[in-house]
Asker: 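Let me begin by handing over the structure; questions about it come next.
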Amino acid sequence: GVSANPVHVKSMPQTMGTVSQYACQRRTTLKNYNNIFTDAFEILSQNYEFIESEGPCLAFMRATSVLKSLPHAIHSLQDLEGLPFLGDQTKDVIEDILECGHSSKVQHVLSDDRYKAFKLFTSVFGVGLKTAEKWYRRGFRSLEEVKADSSIHFTKMQKAGFLYYDDISRAVSRDEASAIGQIVEDTVHLLVPDALVVVTGGFRRGKEFGHDVDFLITTPETEKGEGILHNVINELKHQGILLYYDIVDATFDKTKLPSKRFEAMDHFEKCFAIIKLNKKLVKCDGQEESAGGKDWKAIRVDLVVPPVDNFAFALLGWSGSRQFERDLRRYAHYEKKMILDNHGLYDKTKKTFLSAKTENDIFAHLGLDFIEPWERNA
Ligand code: DCP
Ligand code: MG
């Protein structure tokens with residue numbers, strides 16, 4: 001069972017004190033001393049996701065997150081004593097790795113047909129678990145086989161996913177993200193000079209690479225923001241650098257309570273785009289050959305436009321990591337009887353919404369110490 005309070009550790013020479021079961025009460029930088037274990041756990045947890053085994057999937061994600069937060073490497077099973085979420089299942093894997101350098105369970109998954117196919121299919125933009133399942137059941141094992149079947153109907157998103165696969169399946173570097181940031185910022189400010197443009201997601205947490213670049217855009221005065229996303233998209237189109245876009249209109253209802261789910265899609269107006277980035281605009285380029293000798297690279301970009309009153313919540317929600325977000329919501333729910341989502345925070349005891357101008361305000365409402373973005377790599 002999971003206790004609601006932090007787990008108390010008696011005999012841990014290296015960590016001392018306690019490790020909370022909530023990622024939002026731990027500081028997790030990108031320095032991971034337990035890579036060999038967390039890499040293994042992440043493969044296992046993804047495999048459980050692919051076979052729709054939610055419990056074990058979550059268990060391995062939580063254990064991964066705890067190990068990432070430790071300021072030292074695990075050298076023996078005794079080092080795990082008192083750590084939350086490191087139960088028998090995860091211990092077996094760690095024991096295997098400590099004894100022979102690898103986990104037989106992981107080897108097995110890596111050579112599994114279903115795992116390999118799902119990993120490949122979900123690497124295509126627009127392909128989720130449902131589609132991967134469908135393709136797998138039809139007997140496909142490679143992207144070539146999928147593309148060759150004329151009876152498959154692809155969504156607009158999937159078509160773009162295949163068209164730009166070589167570029168967008170490759171990681172986005174920090175320099176590429178900055179160049180995209182400059183373009184987005186210039187374009188937004190051309191239209192609304194005092195609009196706020198902030199990079200969120202993995203790059204805000206200090207990551208060197210990401211799978212996309214995430215932005216929040218908001219305007220101090222709501223009226224000036226009318227149609228800003230559509231105008232930005234039109235402007236990017238005019239510049240000839242918009243390869244793909246899908247605008248999702250806001251479905252936001254202020255009077256509704258925040259979602260009770262711990263992982264909810266938000267209702268802000270947003271756009272999933274692919275932008276054509278001229279390589280000349282990237283500070284440190286040239287280390288990798290581009291596909292087909294092009295002088296540009298296709299980059300996945302998410303633009304999210306919350307109203308200014310929800311900005312702090314949107315920023316906190318879009319900065320991640322996913323596990324950090326899950327645990328913020330879980331903590332709010334179980335420890336504070338509050339509901340947190342990307343739009344707001346609701347106090348069920350006081351039956352009122354708690355407003356916030358900054359992320360600091362939200363941590364304060366929750367009675368949490370502020371955790372810097374680069375300490376949220378849970
Ligand atoms: N997010 C979330 N739940 C979702 C989608 C997003 O909590 N269903 C939040 C957490 C993510 C952030 O939004 O950290 C951005 O989503 P990404 O998928 O872009 O994740 P990252 O930016 O963290 O990673 P990557 O480097 O792969 O882009
Ligand atoms: Mg991202």
Asker: Check this for me: does any side-chain nitrogen of one of Asp327 and Arg330 sit under 4.0 Å from a carboxylate oxygen of the other?
Answerer: yes
Asker: So if you build clusters from Ile, Leu, Val, Met, Phe, Trp, Tyr with side-chain heavy-atom gaps below 4.5 Å, do Ile371 and Leu30 land together?
Answerer: no
Asker: Less than 4.5 Å apart, side chain to side chain, heavy atoms only: is that true for Val127 and Trp135?
Answerer: yes
Asker: Would you mind writing out the side-chain donor-acceptor pairs for residues 211-218 within the sub-3.5 Å range, not counting sequence neighbours?
Answerer:
from   : atom 1 : to     : atom 2 : distance (Å)
Thr218 : OG1    : Pro306 : O      : 2.8
Thr218 : OG1    : Val308 : N      : 3.3

Asker: Is Leu190 reachable from Val198 through a run of hydrophobic residues whose side-chain heavy atoms are each under 4.5 Å from the next?
Answerer: no
Asker: Could Asp302 and Lys270 be called an ion pair, given the rule that one side-chain N must be under 4.0 Å from one carboxylate O?
Answerer: no
Asker: Can you confirm whether Phe311 sits close enough to Leu196 that some side-chain heavy atom of one is under 4.5 Å from a side-chain heavy atom of the other?
Answerer: yes
Asker: Output all residues satisfying side-chain hydrogen bond (donor to acceptor under 3.5 Å, both in side chains) with Glu221, sequence neighbours left out; order by chain, then residue number.
Answerer: Lys224
Asker: Ignoring hydrogens and geometry, is there a side-chain-to-backbone donor-acceptor pair from Arg329 to Ile339 under 3.5 Å?
Answerer: no
Asker: So, does Glu325 use its side chain to make a donor-acceptor pair with the main chain of Gly320 at under 3.5 Å?
Answerer: yes
Asker: At what distance, to the nearest 0.5 angstrom, does CD1 of Ile299 lie from CD1 of Ile241?
Answerer: 11.0 Å
Asker: Judged by modelled atom types alone, do Gln323 and Ser65 share a side-chain donor-acceptor pair under 3.5 Å?
Answerer: no
Asker: How far apart are the C-alpha atoms of Glu372 and Phe370, what are their side-chain angles, what is the distance that settles it, and do they pass the side chain to side chain contact (heavy atoms under 4.5 Å, CB included) test?
Answerer: CA-CA 6 Å; Glu372 298 284 356; Phe370 183 70; 3.4 Å; yes
Asker: Can you name the residues that form a side-chain hydrogen bond (donor to acceptor under 3.5 Å, both in side chains) with Arg204, not counting sequence neighbours?
Answerer: Ser319, Glu359
Asker: Check the side chains of Asp194 and Thr219 for a donor-acceptor pair under 3.5 angstrom, ignoring hydrogens and angles.
Answerer: no
Asker: In Å, rounded to the nearest 0.5 Å, how long is the span from OH of Tyr331 to CE of Met338?
Answerer: 9.0 Å
Asker: Can the ring centroids of Phe121 and Tyr136 be said to lie less than 6.0 angstrom from one another?
Answerer: no
Asker: About how many Å separate OG of Ser321 and CZ of Arg376, when rounded to the nearest 0.5 Å?
Answerer: 10.0 Å
Asker: Working to the nearest 0.5 angstrom, can you tell me the gap between Leu83 CG and Leu86 CG?
Answerer: 5.5 Å
Asker: Which donor-acceptor pairs under 3.5 Å do the side chains of residues 39-56 make with protein atoms, sequence neighbours left out?
Answerer:
from  : atom 1 : to     : atom 2 : distance (Å)
Glu42 : OE2    : Lys68  : NZ     : 2.9
Gln46 : OE1    : Lys119 : NZ     : 2.7

Asker: Are Ile274 and Val301 close enough that some pair of their side-chain heavy atoms sits under 4.5 Å apart?
Answerer: no
Asker: Mind checking the CG-CG spacing from Leu368 to Asn360? Nearest 0.5 Å is all I need.
Answerer: 11.5 Å
Asker: With ILVMFWY side chains joined below 4.5 Å, transitively, what does Met61's cluster contain besides itself?
Answerer: Leu58
Asker: Among Lys276, Lys294, Lys297, which residue meets the side-chain hydrogen bond (donor to acceptor under 3.5 Å, both in side chains) test with Asp167?
Answerer: Lys294
Asker: Can you tell if the side chain of His333 reaches within under 4.5 Å of the side chain of Leu340, non-hydrogen atoms only?
Answerer: no
Asker: Below 4.5 Å, heavy atoms only, C-beta onward: do Lys105 and Asp96 meet side chain to side chain?
Answerer: no
Asker: Between the side chains of Arg27 and Asn377, does any donor sit under 3.5 Å from an acceptor?
Answerer: no
Asker: Ignoring hydrogens and angles, write down the donor-acceptor pairs under 3.5 Å from the side chains of residues 229-237, residues two or more places apart or on other chains.
Answerer:
from   : atom 1 : to     : atom 2 : distance (Å)
Asn231 : ND2    : Gly227 : O      : 3.2
Asn234 : ND2    : His230 : O      : 3.4
Glu235 : OE2    : Gln239 : NE2    : 3.2
Lys237 : NZ     : Tyr245 : OH     : 3.0

Asker: Between Phe353 and Leu345, is there a side-chain heavy-atom distance shorter than 4.5 Å?
Answerer: no
Asker: Is the shortest side-chain heavy-atom distance between Phe313 and Leu315 below 4.5 Å?
Answerer: no
Asker: Is a donor on one side and an acceptor on the other found under 3.5 Å between the side chain of Asp79 and the backbone of His75?
Answerer: yes
Asker: Test Tyr244 against Phe125 for ring pair (Phe, Tyr, Trp, His ring centres under 6.0 Å), laying out the working first.
Answerer: CA-CA 11 Å; Tyr244 167 88; Phe125 176 50; 5.5 Å; yes
Asker: Below 4.0 angstrom, N of the basic side chain to O of the carboxylate: do Asp347 and Lys336 qualify?
Answerer: no
Asker: Kindly confirm or rule out a cation-pi arrangement of Lys31 over Tyr33, judged by NZ or CZ under 6.0 Å from the six-membered ring centre and within 45° of its axis?
Answerer: yes
Asker: Any side-chain heavy-atom pair from Phe268 and Asn342 closer than 4.5 angstrom?
Answerer: yes
